[in-house]
Amino acid sequence: MSESNNLIVTIERAASILQEGGLVALPTETVYGLGANALDPIAVARIFAAKERPFFDPLIVHVPDIDWMPRIVSEFPRVAVQLAERFWPGPLTLVLPKVPAIPDLVTSGLPNVGVRIPDHELTRQVLRLANVPVAAPSANPFGRLSPTTAEHVYQQLGLRVDAILDGGPCRVGIESTILQIDKHGVTLLRPGGISLEEIEALIGTVNLPESTVSKTPIAPGMLASHYAPRTPLKIVNEIPSSVESSRTGLLVLCNDTELQQFAKIELLSPTGSLVTAAANFFQALHRLDAAGLDEIIAVRFPDRGLGRALNDRLQRAEHRGVHQSK
Ligand code: TXA
Ligand code: MG
């Protein structure tokens with residue numbers, strides 16, 4: 001793990017740093033989170049500073065068990081119970097009315113808070129030991145690629161974090177699915193690690209926002225430009241037979257043909273599994289981004305299952321907005 005070694009801590013140390021108001025990068029099954037005590041507004045403010053994240057982008061609160069819900073949300077309707085029983089711990093965030101103890105900074109002034117129980121035993125142990133809810137966005141600078149290894153966290157945030165808990169590579173590899181539950185029913189705010197098909201099989205039709213790519217986001221993960229590599233990225237429907245630059249990289253689900261036109265190729269799953277592709281997705285993008293390429297060509301995924309969340313991330317990576325100029 002090279003230079004990041006001296007930031008790596010034990011579960012006990014991670015818990016006490018959180019209690020003292022520090023920042024700890026925590027592994028989850030989706031991506032690494034940059035955690036702080038959600039009840040301590042100064043600790044939470046340090047998250048925004050470390051990520052250079054705008055204050056209008058609210059944070060997800062992480063808890064170890066369902067018994068914690070009354071400490072976070074004021075309502076937990078029947079449909080939330082159904083979803084929680086089926087998908088927690090796991091890559092699902094529920095947005096529900098918050099209790100007053102959750103600082104406005106966590107929710108960017110919204111009356112609702114996003115909450116989830118991550119499916120990572122080390123982090124759940126830290127959450128139990130710390131005995132505080134932990135606000136944690138993905139542990140990357142705002143708008144950049146999400147980290148799925150401790151090394152990614154160190155490369156992107158370095159000493160802006162007080163500690164890193166190394167839990168190995170993230171199993172799911174793509175952020176949680178976010179559902180808002182209110183009087184309008186259940187609305188998908190962000191596609192993610194649990195597919196829409198699985199959710200609808202359990203609770204019936206879910207509302208889809210008109211466009212999940214928006215400039216004035218309900219969930220700022222919906223900002224048009226997000227999850228972006230530094231290298232320009234272009235989405236295509238099929239692998240092109242010729243490319244403009246000899247320094248072009250390819251990101252593709254699977255392939256069995258000869259491809260000499262690319263300087264670097266990332267195949268996400270030899271068998272075409274979207275689950276495996278999600279697990280490899282950000283790591284592959286990090287490697288392509290580090291390869292000094294002129295352009296990354298990404299082949300669109302099938303629009304089903306986790307392919308939907310992967311296409312969503314690709315679209316935001318392609319949309320080169322203000323964050324690219326930094
Ligand atoms: O898998 C995940 O969800 C990871 C891990 C660390 O848990 N976290 C994550 O956090 O992806 P972040 O901050 O990178 O993205 C969370 C998204 C943001 O786009 C935010 O706007 C949305 O969740 N969100 C959080 N609280 C919200 C709320 N009260 N209302 C609407 N959207 C909310
Ligand atoms: Mg993020």
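Just so you know, ligand 1 is whichever comes first in the structure, and atom 1 is the first atom listed for that ligand.
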Taking distance alone, with no angle check, do [X] and ligand 1 share an N/O pair under 3.5 Å?
{"X": "Thr28", "answer": "no"}
{"X": "Lys51", "answer": "no"}
{"X": "Gln180", "answer": "no"}
{"X": "Ser138", "answer": "yes"}

Have a look at ligand 1 and work out which part of [X], if any, has a heavy atom under 4.0 Å from it: side chain, backbone, both or neither.
{"X": "Val113", "value": "backbone"}
{"X": "Leu59", "value": "backbone"}
{"X": "His120", "value": "neither"}
{"X": "Thr107", "value": "neither"}

* For Asp289, which residues count as a salt bridge (charged side-chain N to carboxylate O under 4.0 Å, His left out) partner, sequence neighbours excluded? ->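 Partners of Asp289 under the salt bridge (charged side-chain N to carboxylate O under 4.0 Å, His left out) test: none.
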
* Residue pairs involving residues 20-39 (criterion salt bridge (charged side-chain N to carboxylate O under 4.0 Å, His left out); sequence neighbours excluded) ->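 Of all non-adjacent pairs touching residues 20-39, those that pass salt bridge (charged side-chain N to carboxylate O under 4.0 Å, His left out) are Glu29-Arg116.
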
* Please check if any side-chain donor atom of Thr93 sits under 3.5 Å from a side-chain acceptor atom of Ser176, or the reverse. =>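 A pair is found: one side chain offers a donor N or O, the other an acceptor, under 3.5 Å apart.
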
* Without hydrogens or angle criteria, can the side chains of Ser273 and Thr271 be said to hold a donor-acceptor pair below 3.5 Å? ->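 The answer is no; no qualifying pair exists.
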
* Is Arg171 salt-bridged to Asp119, cutoff N-O under 4.0 Å? ->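 So Arg171 pairs with Asp119 through a salt bridge.
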
* Ligand-side contact atoms (ligand 1) for residue partner Thr30, heavy atom cut-off under 4.0 Å ->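 Counting atoms of ligand 1 from 1, those under 4.0 Å from Thr30 are 1 (O), 2 (C), 4 (C), 5 (C).
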
* Please verify whether a non-hydrogen atom of Lys98 lies at under 4.0 Å from ligand 1. =>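 No, that is not the case, since the closest heavy atom of the residue is not under 4.0 Å from the ligand.
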
